[in-house]
Amino acid sequence: MDVPVMAGMIATMVFAISNLPMLRKALRTRDVSSYSLPSMIMINAANAVYSLYVFTLPFGPIWALHTFYVISCAIMLALCVRQRRSAASRKQAVRAARRLIGAGRSTDA
C-alpha cells in the first residue's frame, strides 16, 4: 500500500473518531439546541455538492470519510429540525392554554 493511501486511511479514522463523541451525545440526549439550524442546512447542502466531486474520484479513504460526514451531518440536521418543531408545538400549546385560561376568567368580580 502506498504512503498517500495509508495517510488517507489514518486521517479518515482520526477525523471520524474525533466526531463520534459529539454525535453520540446528540443521539443520546437529543439536545442540539446549541447548533444553528441555518448552519446545519448549509453544511448538508455543501456535503451534497461536494459529493458530486468526491464520488467521481477513484474509490479510496475519501469516500469513507465523506460518507461518514454526509451521514453524521444528516443525522444532526434531522435532530435540529425535530427539536425546533417540538419546541414550536410546545410554545403553541402554551399560548392556547393561556388563551383558554384568560377566556375562562370572569370580569364580574
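The residues of the chain are indexed from 1 along the displayed sequence.
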Are [X] and [Y] connected in the hydrophobic side-chain network, where two residues link if heavy atoms are under 4.5 Å apart?
{"X": "L23", "Y": "I43", "answer": "yes"}
{"X": "F59", "Y": "V54", "answer": "yes"}
{"X": "V81", "Y": "M22", "answer": "yes"}
{"X": "V3", "Y": "M9", "answer": "no"}
{"X": "L27", "Y": "L20", "answer": "no"}

Name all residues meeting the side-chain hydrogen bond (donor to acceptor under 3.5 Å, both in side chains) criterion together with S33; count only those two or more places apart in sequence or in a different chain, and write none if there are none.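 Partners of S33 under the side-chain hydrogen bond (donor to acceptor under 3.5 Å, both in side chains) test: D31.
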
Does the side chain of Q83 come within less than 4.5 Å of L79's, by heavy atoms?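 SC-SC contact between L79 and Q83 ruled out.
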
Within the distance-only criterion (no hydrogens, no angle test), does the side chain of W63 pair as donor or acceptor with the backbone N or O of F55 below 3.5 angstrom?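 Side chain of W63 to backbone of F55, a donor-acceptor pair under 3.5 Å: no, none is there.
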
Backbone N or O of C73 within a donor-acceptor pair of the N47 side chain at under 3.5 Å?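 Pair absent, no side-chain N/O of N47 close to backbone of C73.
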
Taking every non-hydrogen atom, the tightest pair across C80 and M40: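 Here C80 and M40 meet closest at SG-CG, 3.7 Å.
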
Residue pair V32 / A26: nearest heavy atoms and the distance that separates them: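 Closest approach of V32 to A26: CG1-CB, 3.8 Å.
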
All pairs passing side chain to side chain donor-acceptor pair (under 3.5 Å) where residues 67-78 contributes a residue, at least two apart: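 Passing the test, one end in residues 67-78: no pairs.
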
For residues 1-19, which residue pairs pass the side chain to side chain donor-acceptor pair (under 3.5 Å) check, not counting sequence neighbours?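 For residues 1-19: none.
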
Under the side chain to side chain contact (heavy atoms under 4.5 Å, CB included) test, residues paired with I41 that sit two or more places apart: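 Per chain and number, I41 pairs via side chain to side chain contact (heavy atoms under 4.5 Å, CB included) with L37, L77.
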
Counterpart residues, side chain to side chain contact (heavy atoms under 4.5 Å, CB included), relative to M42 (two or more places apart):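 Counting only residues at least two positions away or on another chain, M42 forms no side chain to side chain contact (heavy atoms under 4.5 Å, CB included).
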
Determine which pairs satisfy ring pair (Phe, Tyr, Trp, His ring centres under 6.0 Å) with at least one residue from residues 25-51, sequence neighbours left out, and list them in order.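 Qualifying pairs, neighbours excluded: Y50-Y53, Y50-H66.
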
Can you tell me if CZ on R82 sees more than 12 non-hydrogen neighbours from other groups inside 6.0 Å?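 Result for CZ/R82: open.
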
